[in-house]
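Reviewing the structure listed below.
For the numbers below, each heavy atom of this structure counts, side chains included, while hydrogens, waters and symmetry mates do not. Per chain, numbering begins at 1; letters A, B, ... match sequence-line order. Predicted model only: the values in this text are computed from it and were never measured.
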Amino acid sequence: MTFSEAKDFLLEKARELGVELELLGTETRELTLESFEGTISQMTQAAQSGVGLRVIVDGKTGYAYSEERSEEALSWALQEAKENAELQTSGGGALPLGQALGRQDLLGEGLSAPLEEKVERALALEAGLRQDARLKQVVMARYSERDVTVSLASTAGALGEYRDGLAMFGSSVVMQQGESLKQNWDVSFEKEFHSLEPGKTALEVTSKTGRLLGAKPMKTGRTTAYFEPKAFTQLLSVVLYMLSGKSVMEGKSRLTGKVGQRVGSDLVTLTDDPFLEGDLGCRPFDSEGTASSAVTLVENGILRSFLHNSETARVTGQANTGHAARGYRSTLDVGPSNLYLNTGEGVSPTRGVVVTDLMGLHAGADPISGDISLQALGLLVERGEVAHAVEDFTISGNLLEFLASIVGLGKTLEWHLYGGALGAPMVEIAEVSFAGA
Amino acid sequence: MPMLNPALVENVLGAARTGGADFAELYVERWKRRSLRVIDREVREARSGLEYGAGLRLFYGTDVLYAYTNDLGEAALVELARTLGQLKASSGQVDNVGKGGLDFRKAAATGLHAPEVAPSAHPKRFRLERLLEADAGARIAAAIAQVESSLVEWEQEVLVANTEAVWAEDTRTRTRLITRAIAQNETDTQTGYDAPGLSVGLELFDRYKPEAVGQRAAEQALTNLRAKRAPAGTMPVVIGNAFGGVIFHEALGHLLETTSVAKKASVLSDRLGEAVASSTVTYIDDGTVPHGWGSSEFDDEGAPSERTVLIDKGVLRSYLVDKLGGLKTGYRPTGSGRRQDYTFAPTSRMRNTFIAPGTTPKEDLFTGIEFGLYAKKMGGGQVSPGSGEYNFGVNEGYLIRNGQLAEPVRGAMLVGKGPESIKRIAAVSSDLETAPGMCGSLSGSIPTEVGQPHLLISEIVVGGEA
């Protein structure tokens with residue numbers, strides 16, 4: 001069955017059973033080309049699709065999904081979702097009132113190019129990475145692209161679809177200088193294949209990794225930290241957890257009840273904007289079919305709103321901001337479109353550590369308490385100049401303390417993908433605890 | 001429902017080789033997954049899923065083409081195979097049509113890890129009742145503010161067939177209970193965690209009583225609530241058994257995967273026969289442990305699983321070798337080709353990996369430490385194989401003062417370089433235990449067990465509060 005046939009089949013069955021049903025389907029095409037030692041050593045072509053079911057029975061919610069679109073498999077999924085719903089004791093759930101959402105194409109001809117051209121770009125990326133004399137090994141030089149069509153339909157009347165996608169380079173290198181070894185990775189992405197520049201990306205990766213060579217141990221102590229955008233967006237991904245209406249609903253956000261209160265320094269303004277020109281997180285509607293709009297989450301340090309879907313909004317008594325996020329395999333969650341920390345008047349490091357990368361985020365950051373203890377890579381700055389790279393150290397503290405201690409912001413916004421499109425400039429934090437030798 | 005029949009598989013493999021591939025492999029899986037999540041006795045999410053797909057892999061020398069799809073109709077699969085098979089042909093490869101006529105050597109699982117009772121024999125309500133028991137077990141103090149428990153169940157059927165006439169069918173049933181407790185006082189929120197899992201059905205609850213799992217999570221949360229932030233600095237560290245083994249999973253195991261070794265992107269490349277660890281260290285990766293979380297009868301390339309001694313008394317004896325890694329390095333494959341699901345080509349991965357027991361009594365590890373850290377329960381971590389740099393968090397830690405266990409500390413992070421740390425293992429005790437985890441790498445997220453006895457590392461950087 002096609003998605004459209006599966007949709008008709010399931011909606012009709014749901015009506016027969018007397019249950020509310022929402023269907024989220026995705027069809028994804030992917031291509032990955034990996035260059036190693038001048039040839040395409042690995043190539044992957046993919047077509048993946050599936051349909052996710054959210055069923056509501058007497059206000060109780062259950063989920064199921066299937067990648068097989070036979071009548072038997074779809075009937076199994078619907079029955080499982082219904083039985084899963086019946087396990088809930090308290091009801092009150094409902095599908096949002098749906099509407100015709102139309103069909104939109106956000107990708108267009110963005111990935112249209114012959115395979116040979118894509119192969120050339122992947123090879124050029126690796127060749128570029130090998131230009132640097134300090135390069136020891138290319139661990140990854142990868143071109144990949146994704147073309148996704150998201151479809152939504154419900155017994156409450158939602159019906160729509162949109163197509164989106166991206167092209168990206170993934171690089172990982174090991175570089176060496178004397179005894180010093182450093183491995184680093186980077187991802188760069190565009191909506192248009194032709195906007196990818198292998199030479200430029202390769203130079204950025206090798207210079208960003210190369211500057212970490214010859215690192216010396218970092219002394220334990222407290223000093224000013226200058227987070228580069230890549231490192232700060234990693235921290236933002238944890239802040240995001242605290243700003244999620246789902247965390248609030250489940251009693252897991254330390255920001256619960258703090259709307260209108262100060263949660264960061266005056267410089268902190270966090271915005272989520274689904275319509276930023278050409279950005280990756282853009283979407284016409286969220287995964288429940290709620291129309292998207294821009295939301296200010298934190299304004300000059302004051303908490304203004306959480307991110308909500310229809311369920312978290314209902315349970316917490318706040319407004320739905322249109323941030324439902326769900327893949328066909330997953331359950332309803334909350335997610336950003338393009339979430340960013342605003343820029344400022346510029347930062348010029350004088351004394352302290354420029355933090356270039358953070359590692360071990362899933363282990364070293366507790367999104368509930370906000371406590372972090374993370375391995376970092378960086379550069380020691382003295383008298384306004386980089387003295388040398390530093391290694392074998394962690395930064396620690398609490399994220400909310402970090403937000404309160406932001407004293408400077410860079411002028412340029414940079415985007416990274418960490419569970420959504422997250423943007424930040426360079427961020428100066430007055431005093432951070434460093435643990436090293 | 002039946003998996004694919006041999007005639008169809010033969011057609012697909014034949015079509016895949018029309019472009020001159022040296023080797024073709026078809027991986028098919030049908031996977032039922034269920035999860036149930038309860039917070040404070042209320043069902044938050046109940047989900048069931050059916051994943052069904054195929055992955056087709058071709059080798060040209062050591063170059064790899066991979067494709068995957070959910071469309072397992074014969075026409076679609078043959079078409080996909082033909083398209084994939086022609087990709088290299090169009091770049092100048094010789095066409096030497098696939099051999100066909102494969103006489104598959106059929107191998108099926110013997111049931112070594114099979115569940116005692118099929119999971120489907122239990123009603124959904126039975127599962128919920130066990131999660132409610134875990135919740136009850138965690139309510140040991142007024143400070144326990146929230147308890148969340150999840151049950152994850154997998155029933156995965158796998159078929160791997162290739163042009164070397166391999167035909168292997170495996171069924172993998174895994175069940176895991178995850179309980180997280182949150183403890184709260186006026187100023188602070190801390191969490192505790194316990195998450196047993198095995199290749200079994202719901203008899204997991206016979207081996208691990210849900211009440212006890214809940215209680216362990218709650219005790220850890222309460223300990224962290226009264227803990228002060230860990231001090232920062234370099235010090236001796238005693239690492240606890242069971243999940244403590246995650247340190248060497250990250251800092252040593254990943255460095256032995258041919259994925260990194262073949263590219264000379266591991267600091268342990270080309271070092272077979274050399275002393276790479278202190279002589280107290282024997283490190284084993286064993287996919288045959290009955291009902292082990294990371295066990296299976298065949299790997300995801302259809303090779304029988306095996307027990308591989310990686311390091312024997314400090315000397316490097318073997319790498320973790322998948323088929324492609326074997327072609328690239330010349331090392332014998334060790335049944336280590338694994339993947340998350342059909343969307344990933346397999347790579348060399350760990351199964352159940354542990355440090356063998358030593359002879360030092362556990363108490364003696366602490367003797368003589370003036371000031372150090374006891375990392376009783378480890379959290380997750382990561383490593384860069386190229387530099388060996390690793391980090392991981394400590395979920396439950398205590399200071400050691402004058403050879404004695406002292407007050408609890410939280411937020412400690414252990415940081416270092418794997419090859420240096422394994423040389424600093426000063427003593428290993430005899431209380432080997434293992435624990436389950438999910439390991440993320442190139443071929444996705446897979447179930448692996450880590451393990452070790454208590455052991456002492458003479459010096460390690462502890463990240464904490466300066």
Portion of [X] that has a non-hydrogen atom of chain A nearer than 4.5 angstrom:
X	answer
Arg37(B)	side chain
Val462(B)	backbone
Ile39(B)	side chain

For the interface with chain A, which of Ala67(B), Gly393(B), Ser35(B) has the highest count of heavy-atom pairs at distances below 4.5 Å?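 Going by pairs under 4.5 Å, I would pick Ala67(B).
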Which atoms of [X] are under 4.5 Å from chain B, going by heavy atoms: the side chain, the backbone, both sets, or neither?
X	value
Ser172(A)	neither
Ile372(A)	neither
Trp185(A)	neither
Glu37(A)	neither
Val138(A)	backbone
Gln137(A)	side chain
Leu332(A)	backbone
Glu86(A)	backbone
Met175(A)	neither

At under 4.5 Å between heavy atoms, what parts of residues 39-51 of chain A are in contact with chain B? List them by residue number.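 Thr39(A), Ile40(A), Ser41(A), Gln42(A), Met43(A), Thr44(A), Gln45(A), Ala46(A), Ala47(A), Gln48(A), Ser49(A) fall under the 4.5 Å cut-off.
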When you check the gap from the basic side-chain N to the acidic O, do [X] and [Y] get nearer than 4.0 Å?
X	Y	answer
Glu45(B)	Lys246(A)	yes
Arg329(A)	Glu67(A)	yes
Asp371(A)	Arg410(B)	yes

Below 6.0 angstrom between ring centroids: does that apply to Phe392(B) and Tyr390(B)?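 Ring centres of Tyr390(B) and Phe392(B) closer than 6.0 Å.
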Do Val64(B) and Leu58(B) have side chains that get closer than 4.5 Å, going by heavy atoms?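 Contact flag for Val64(B)/Leu58(B) side chains = no.
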